[in-house]
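Order of the sequence lines fixes the chain letters, A, B, ..., with proteins taken first and strands second; residue numbering starts at 1 for each chain.
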Amino acid sequence: MSNDDIASVLQETADLLELTGGNEYRARAFSRAARSLSGLDDAVADRLEAGTLVDINGIGDAMADHVADILHGGSFELRDELHSAVPPGLMDVMQVQGLGTKRTRRLWTELDVTSLDELEQAAEEDRITTLDGFGPKTQQNILDNLRQLRRYESKWRLADAWAATQSFLDRVQSLEGVDRAAITGALRRQRATVEQAEVLVATSKPEGVHDRLASHLDDPSQTDAGLAGHLAEGVPVQVHVAAPNRFGTAWWRTTGSSEHCTAVEDREGAPGDHKTEAALYRAVGLPVVPPVLREGQGEVEAGAADQLPSLLSTDDLD
DNA sequence: CACGTCCG
DNA sequence: AGCATGAA
DNA sequence: TTCATGCTATCGGACGTG
């Protein structure tokens with residue numbers, strides 16, 4: 001449990017307090033405590049141990065107790081109480097840009113909006129403008145921002161998914177039977193957002209590898225080409241398993257995009273088994289196409305004409 | 001223009 | 001809720 | 001040291017509303 005994790009529980013409590021119409025100054029106290037903790041250099045757990053938590057601005061005896069509870073069980077009494085007093089969907093409503101605790105509370109109490117769906121419906125039926133202080137622009141902004149939010153729900157930012165996957169890889173690579181493990185899929189293509197992480201594992205003796213991999217995943221399940229589950233950080237992950245002698249082909253195939261793969265296959269048909277991507281591209285008469293370019297945007301034609309753009313790399317920095 | 005609300 | 005201050 | 005009391009609570013900019 002990182003400092004930021006603890007801080008977000010406190011901030012959530014502040015929001016819940018305002019959402020339920022509680023004392024706004026009490027809510028601010030939780031906000032301030034959250035801010036102090038997220039900007040703290042040392043680990044909160046250490047501070048708690050040393051008893052120096054109360055030295056921090058905005059943290060007194062009561063708040064320190066709450067923090068201890070959070071560290072121990074992920075939550076604390078007040079927060080649990082407030083949580084059960086608020087419809088679960090209301091927290092989603094607050095994620096809409098332009099909706100804070102005040103407006104969300106009014107939508108809830110005056111229009112019975114308790115979820116994104118109900119919010120959308122209210123806006124479409126022009127009911128939001130019936131509220132004092134909510135005009136046509138506000139209603140339209142709500143609708144726009146709600147749809148914007150929908151486009152990114154179940155999407156992970158590249159950097160977050162990448163970091164989570166990397167720490168999974170670090171553990172997986174040393175597993176018995178794992179010759180090699182690599183990031184693949186949209187994540188390898190460095191898409192700005194990804195729906196899931198994908199990892200390719202090469203193994204020469206598949207027996208038992210599935211189980212060992214599964215033990216590092218949350219809610220693991222068997223799939224056609226390997227297994228699926230969630231990383232500790234909550235990112236959905238697809239683990240593909242392949243024999244080493246066709247690692248290159250599997251890596252290429254799982255990296256995609258499907259448009260890129262189709263474009264390659266349109267030249268020479270489906271590639272055979274290759275150990276490396278370099279061998280695969282050589283076999284189809286193309287230079288190795290960097291993963292970021294494999295989007296089916298003409299990179300195959302460009303490669304065939306030896307016209308691939310040269311990408312910037314960290315080496316280009318002074 | 002004054003006020004409330006949201007955001008960072 | 002935190003914090004400062006003063007009393008028990 | 002503990003307890004009781006009273007005072008305080010981030011802030012500036014942007015935007016929409018009436």
Side-chain angles (χ1 to χ4, degrees), chain A residues 2-41 44 47-48 50-72 75-83 85-86 89-111 113-114 116 119-120 122-153 157 159-160:
Chain A
S2 74
N3 289 8
D4 284 340
D5 294 334
I6 298 166
S8 65
V9 173
L10 293 177
Q11 182 54 54
E12 188 194 20
T13 306
D15 291 343
L16 286 165
L17 235 20
E18 293 182 3
L19 229 31
T20 53
N23 183 324
E24 81 176 283
Y25 290 123
R26 191 148 85 121
R28 283 199 205 167
F30 282 96
S31 279
R32 256 186 306 120
R35 253 183 290 120
S36 300
L37 291 193
S38 67
L40 195 62
D41 289 331
V44 167
R47 285 267 192 158
L48 182 66
T52 60
L53 213 49
V54 290
D55 297 348
I56 297 166
N57 233 331
I59 306 234
D61 291 344
M63 198 62 77
D65 285 345
H66 297 327
V67 170
D69 289 349
I70 294 169
L71 225 30
H72 182 234
S75 188
F76 63 104
E77 204 179 333
L78 175 64
R79 186 238 189 195
D80 291 337
E81 281 172 16
L82 293 169
H83 223 266
V86 162
L90 217 51
M91 303 312 272
D92 299 331
V93 171
M94 256 201 8
Q95 296 310 304
V96 175
Q97 190 87 263
L99 293 185
T101 53
K102 309 276 185 61
R103 286 177 177 164
T104 301
R105 175 169 166 75
R106 294 196 53 209
L107 290 165
W108 173 32
T109 56
E110 296 174 39
L111 287 181
V113 166
T114 61
L116 284 182
L119 178 66
E120 183 172 36
E124 280 169 348
E125 294 169 0
D126 199 19
R127 279 186 285 131
I128 292 182
T129 53
T130 66
L131 266 47
D132 248 23
F134 288 71
K137 290 200 173 176
T138 302
Q139 177 169 270
Q140 190 56 48
N141 286 341
I142 288 175
L143 208 45
D144 293 346
N145 294 330
L146 177 147
R147 290 179 173 146
Q148 180 70 17
L149 181 67
R150 282 251 172 83
R151 286 184 46 210
Y152 286 104
E153 75 185 350
R157 284 186 300 258
D160 297 338

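Once you apply a 4.0 Å limit to the heavy atoms of chain A, the touched nucleotides of DNA chain D run 5' to 3' over dA9(D) to dG18(D).
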Heavy-atom protein contacts under 4.0 Å, nucleotides 2-8 of chain C, coded B base, S sugar-phosphate only, - none: SS-----
Which donor-acceptor pairs under 3.5 Å do side chains of residues 56-72 of chain A form with protein atoms, sequence neighbours excluded?
none

Taking only distance into account, with no hydrogens and no angle test, what donor-acceptor pairs under 3.5 Å do side-chain atoms of residues 90-104 of chain A form with protein atoms, sequence neighbours excluded?
unit_1    : atom_1 : unit_2    : atom_2 : d
Gln95(A)  : NE2    : Met91(A)  : O      : 3.4
Thr101(A) : OG1    : Glu18(A)  : OE1    : 2.5
Arg103(A) : NH1    : Gly98(A)  : O      : 3.0
Thr104(A) : OG1    : Gly100(A) : O      : 2.6

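For Gln97(A) and dC7(B), the shortest distance from a side-chain N or O to OP1 or OP2 is below 4.0 Å.
dC11(D) sits 22 Å from dA1(C) when the P atoms are compared, rounded to a whole Å. Rounded to a whole angstrom, the distance from the P atom of dA9(D) to that of dA4(C) is 13 Å. Separating the C1' atom of dG8(B) from that of dT8(D) is a span of 24 Å, rounded to the nearest Å.
Applying the 6.0 Å contact sphere to CD of Glu77(A) captures no more than 12 heavy atoms from other residues, nucleotides or ligands. The 12-atom threshold is exceeded at CZ of Arg150(A), counting heavy atoms of other residues, nucleotides or ligands nearer than 6.0 Å.
In the region residues 134-152 of chain A, proximity to DNA chain D at under 4.0 angstrom, judged on heavy atoms, holds for Gly135(A), Pro136(A), Lys137(A), Thr138(A), Asn141(A).
Residues passing the salt bridge (charged side-chain N to carboxylate O under 4.0 Å, His left out) test with Arg106(A), sequence neighbours excluded: Glu110(A).
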